[in-house]
Chemist: 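Take this structure, written in structure tokens, and hold onto it; I'll ask about it next.
In this chain, numbering begins with 1 at the start of the sequence shown. Here the structure is a predicted model, which means the values were calculated and not measured. Atoms considered below: every heavy atom in the structure, side chains included; atoms not considered: hydrogens, waters and symmetry mates.
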Amino acid sequence: MQQLFFSSSSRVMETPEWVYSLEEAGYDGWEIMADGPYRLDDPEALTRVQGVLETTGLAASVHAPYSDLNLASLNYPIWRESIRQITACITHAAGLTDRVTIHPGYISPIGALDPHRTWALQKEALVEIGKVAVEHGVLACLENMIGVKEFLCRFPLEIIGMTEGIEGVGITCDLGHANTAGQVGPFLEHIEQFNHLHLHDNHGLSDEHLALGDGSIDWAAIGPQVKRRYTGIAVVEGRSLEEARKSAAAFRRWFV
């Protein structure tokens, strides 16, 4: 059965002492949100992260930074800086993990004037990112996005087509995001093609990041499908240790 990891973007501005409670809460690993005090290109932050991992039994995966970045930007300096920050994260993450989740870009007001170019720029960025990932023994996993029309890769065939044939690039399937786009069923149809899995709940309208069972997703129906057809890491994304414990118990009820 899958290893179970936990990630909390709501704690990204806190120091990492909370991570020491994850094993007791039922988790095998920590997905590091590599932003704020956890940026891996900051030597002090990297040392703190390494210290946590070395003094626990936790495995690691990494979520690359995404705030203010856009891999589909028609503003060339922003596009280049987005690639630079993500490849820098991959380079530093390679000593911790072989999986780094990355966000796709989005269509800006200027990009809306040439949407085909935004998709092409996203593909170009992934080819460059994939080369760095291969060089460092990492798989960069592109994540499906929430149901907001400006985001790229909200639908399974979009993200499969975007990543297809790019060495070093895989897919993170986020079922919470899929629920906001009405796409849980379609994503489950392709679950064998995905390399990483994010789990959290919502009511289908916004990206609430609720504990499993606190929203509208039918985990009792989904869990057995995932158990049968997916063998990689599953990452619960939550907001607190209390919710982490609740989600871990729900995962073991429905997925194990």
Chemist: Between Val138 and Arg99, is the side-chain contact (heavy atoms from CB on, under 4.5 Å) condition met? List the steps.
Modeler: CA-CA 6 Å; Val138 170; Arg99 289 287 186 279; over 6 Å; no
Chemist: Would Trp254 and Val226 satisfy side-chain contact (heavy atoms from CB on, under 4.5 Å), going step by step from the backbone distance to the final call?
Modeler: CA-CA 10 Å; Trp254 292 317; Val226 173; over 6 Å; no
Chemist: How long is the straight-line distance from CZ of Phe187 back to CG of Asp174, given to the nearest 0.5 Å?
Modeler: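 One gets 9.0 Å once the value is rounded to the nearest 0.5 Å.
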Chemist: Whether Lys246 and Glu243 form a salt bridge (side-chain N of Lys/Arg under 4.0 Å from carboxylate O of Asp/Glu) is what I want to check.
Modeler: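 Salt bridge flag = no for Lys246 with Glu243.
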Chemist: Do Gln183 and Phe155 touch side chain to side chain, with heavy atoms closer than 4.5 Å?
Modeler: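 Answer yes - side chains close enough.
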Chemist: Whether the side chain of Arg48 engages the backbone of Pro37 through a donor-acceptor N/O pair (distance < 3.5 Å, no angle test) should be reported.
Modeler: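 Looks like yes, one N/O pair under 3.5 Å.
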Chemist: Is the backbone N or O of Gln3 less than 3.5 Å from a side-chain atom of Asp28, with the two atoms forming a donor-acceptor pair by type?
Modeler: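 The answer is no, because no donor-acceptor pair under 3.5 Å joins these two groups.
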Chemist: Counting only heavy atoms not in Ile110, do more than 12 sit closer than 6.0 Å to its CD1 atom?
Modeler: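 Counting other residues, nucleotides and ligands, CD1 of Ile110 stays at 12 neighbours or fewer.
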Chemist: Minimum heavy-atom separation for Ala64 and Cys89, please, with both atom names.
Modeler: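 Scanning both residues, the minimum pair turns out to be CA-SG, 3.8 Å.
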Chemist: In this structure, would Ile160 and Val169 fall into the same cluster of hydrophobic residues linked by side-chain contacts under 4.5 Å?
Modeler: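 Result: yes, single cluster for both.
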Chemist: Under a 4.5 Å cut-off applied to non-hydrogen side-chain atoms, are Glu158 and Trp119 in contact?
Modeler: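 Sidechains of Trp119 and Glu158: in contact.
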Chemist: So which of Thr101, Leu197, Val100 actually passes side-chain contact (heavy atoms from CB on, under 4.5 Å) with Thr172?
Modeler: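 Going through the options one by one, the only one that passes is Thr101.
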Chemist: Do Lys227 and Val256 make a side-chain contact, defined as non-hydrogen atoms from C-beta onward lying under 4.5 Å apart?
Modeler: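 A side-chain contact is absent here, since even the closest heavy-atom pair is not under 4.5 Å.
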Chemist: CD of Glu208 to CG of Asp201: how many Å apart, nearest 0.5 Å?
Modeler: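 One finds 8.0 Å between CD of Glu208 and CG of Asp201.
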Chemist: Once rounded to the nearest 0.5 Å, what's the spacing between atom CD of Glu54 and atom OG1 of Thr56?
Modeler: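 That separation rounds to 9.5 Å.
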Chemist: Looking at Thr87 and Ile129, would you say the former's side chain and the latter's main chain have a donor-acceptor pair under 3.5 Å?
Modeler: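 Not confirmed, Thr87 side chain does not pair with Ile129 backbone.
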Chemist: Any chance the side chains of Glu143 and His63 put a donor and an acceptor closer than 3.5 Å?
Modeler: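 Yes, His63 and Glu143 have a side-chain donor paired with an acceptor closer than 3.5 Å.
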Chemist: Quick check on Glu192: does its CD atom have over 12 non-hydrogen neighbours (other residues, nucleotides or ligands) under 6.0 Å away?
Modeler: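 Counting other residues, nucleotides and ligands, CD of Glu192 exceeds 12 neighbours.
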Chemist: When you check the side-chain N and O atoms of His209 and Asp207, is any donor under 3.5 Å from an acceptor?
Modeler: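 Side-chain D/A pair, His209 to Asp207: present.
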Chemist: Side chain of Tyr230, backbone of Ile233: donor and acceptor closer than 3.5 Å?
Modeler: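 A pair under 3.5 Å: yes.
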Chemist: So does Leu71 get a backbone contact from the side chain of Trp79, meaning a donor-acceptor N/O pair under 3.5 Å?
Modeler: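 Checking the backbone N and O of Leu71 against the side chain of Trp79, a donor-acceptor pair under 3.5 Å is found.
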Chemist: Say whether Leu210 and Phe251 are linked into one hydrophobic cluster, either directly or through other cluster members, by side-chain heavy-atom distances under 4.5 angstrom.
Modeler: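 Leu210 does not cluster with Phe251.
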Chemist: Ser240 and Glu242: side-chain donor and acceptor closer than 3.5 Å?
Modeler: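 No - no donor-acceptor pair under 3.5 Å links their side chains.
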Chemist: Are Pro186 and Leu188 packed together at the side-chain level, in the sense that at least one heavy-atom pair is separated by less than 4.5 angstrom?
Modeler: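 Sidechains of Leu188 and Pro186: no contact.
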Chemist: Looking only at side-chain N and O atoms, does Glu31 offer a donor or acceptor that is under 3.5 Å from a partner on His198?
Modeler: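 Distance-only check passes for His198 and Glu31.
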Chemist: Is there a donor in the side chain of Asn202 and an acceptor in the side chain of His177, or the other way round, less than 3.5 Å apart?
Modeler: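 The answer is no; no qualifying pair exists.
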Chemist: Please check if Val148 and Ile107 belong to a single hydrophobic cluster, counting links between Ile, Leu, Val, Met, Phe, Trp and Tyr side chain heavy atoms closer than 4.5 Å.
Modeler: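 No, separate clusters.
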Chemist: Any chance the rings of His103 and Tyr106 have centres within less than 6.0 Å?
Modeler: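 Judged by ring-centre distance (under 6.0 Å), His103 and Tyr106 do not meet the cut-off.
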Chemist: Among side-chain atoms of Asn70 and Ser108, is any donor-acceptor pair under 3.5 angstrom?
Modeler: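 No pair is found: no donor N or O on one side chain lies under 3.5 Å from an acceptor on the other.
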Chemist: Ile83 and Leu139: same hydrophobic cluster, using ILVMFWY side-chain contacts below 4.5 Å?
Modeler: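 Looking at the clustering, Leu139 is in a separate group from Ile83.
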Chemist: Can you give me the closest heavy-atom contact between Asn144 and Ala178, atom names plus distance?
Modeler: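 Scanning both residues, the minimum pair turns out to be ND2-N, 3.6 Å.
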Chemist: Might you work through the side-chain contact (heavy atoms from CB on, under 4.5 Å) test for Leu96 and Gln50, ending with a clear yes or no?
Modeler: CA-CA 8 Å; Leu96 308 174; Gln50 290 170 328; 4.0 Å; yes
Chemist: Is it true that atom CD of Glu167 has more than 12 heavy atoms of other residues, nucleotides or ligands lying nearer than 6.0 Å?
Modeler: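 No, not enclosed.
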Chemist: Can you tell me how far CZ of Arg229 sits from CZ of Phe194, rounded to the nearest 0.5 angstrom?
Modeler: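 One gets 9.5 Å once the value is rounded to the nearest 0.5 Å.
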Chemist: May I ask you to test the Ile32-Ser61 pair for a side-chain heavy-atom distance under 4.5 Å?
Modeler: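 Ile32 does not reach Ser61 side chain to side chain.
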Chemist: If I take atom CZ from residue Phe5 and atom CG from residue Leu22, how far apart are they, to the nearest 0.5 angstrom?
Modeler: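 Taking CZ in Phe5 and CG in Leu22, the distance rounds to 10.5 Å.
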Chemist: So how far is it from Phe6 CZ to Leu241 CG, rounded to the nearest 0.5 Å?
Modeler: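 Answer rounded to 0.5 Å: 6.5 Å.
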Chemist: Can you name the closest pair of heavy atoms from Leu126 and Met162 and give their distance?
Modeler: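 So the minimum-distance heavy-atom pair works out to CD1-CG, 3.5 Å.
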Chemist: Evaluate the criterion side-chain contact (heavy atoms from CB on, under 4.5 Å) for residue pair His196 and Val235; output intermediate values, then yes/no.
Modeler: CA-CA 8 Å; His196 204 57; Val235 180; 3.5 Å; yes
Chemist: Please name the pair of heavy atoms, one in Gln122 and one in Gly105, separated by the smallest distance, quoted to 0.1 Å.
Modeler: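 Smallest heavy-atom distance, with atoms named: OE1-N, 2.6 Å.
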Chemist: Can you find a pair of side-chain heavy atoms, one from Pro104 and one from Phe151, that are under 4.5 Å apart?
Modeler: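 Not in contact.
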Chemist: Is any side-chain heavy atom of Leu58 less than 4.5 Å from a side-chain heavy atom of Tyr20?
Modeler: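 Sidechains of Tyr20 and Leu58: no contact.
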Chemist: Has Thr15 got a side-chain atom pairing as donor or acceptor with Glu17's backbone, closer than 3.5 angstrom?
Modeler: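 No, because the side chain of Thr15 does not come within donor-acceptor range (under 3.5 Å) of the backbone of Glu17.
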Chemist: Is it the case that one hydrophobic cluster holds both Ile217 and Leu205, taking links as side-chain heavy atoms less than 4.5 Å apart, direct or via other members?
Modeler: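 Different hydrophobic clusters.
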Chemist: Strictly below 4.0 Å, N to O, side chains only: are Glu128 and Lys131 in salt-bridge contact?
Modeler: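 The answer is no: the pair does not qualify as a salt bridge.
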Chemist: What I want to find out is whether Arg117 reaches Glu124 closely enough, with some N-O distance under 4.0 Å, to be called a salt bridge.
Modeler: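 Looking at Arg117 and Glu124, the cut-off is met.
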Chemist: Ignoring hydrogens, what is the shortest heavy-atom contact between Gln85 and Pro65? Give both atom names and the distance.
Modeler: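 Where Gln85 meets Pro65 most closely, the heavy atoms are OE1-CG, 4.3 Å.
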Chemist: Decide yes or no for Ser67 and Asp35: does some side-chain heavy atom of the first lie under 4.5 Å from some side-chain heavy atom of the second?
Modeler: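 In short, these two side chains touch, coming nearer than 4.5 Å.
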Chemist: Identify the two heavy atoms, one from Ala244 and one from Tyr27, that lie closest to each other, and give their separation to 0.1 Å.
Modeler: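 Looking at all heavy atoms of both residues, the shortest contact is O-OH, 2.6 Å.
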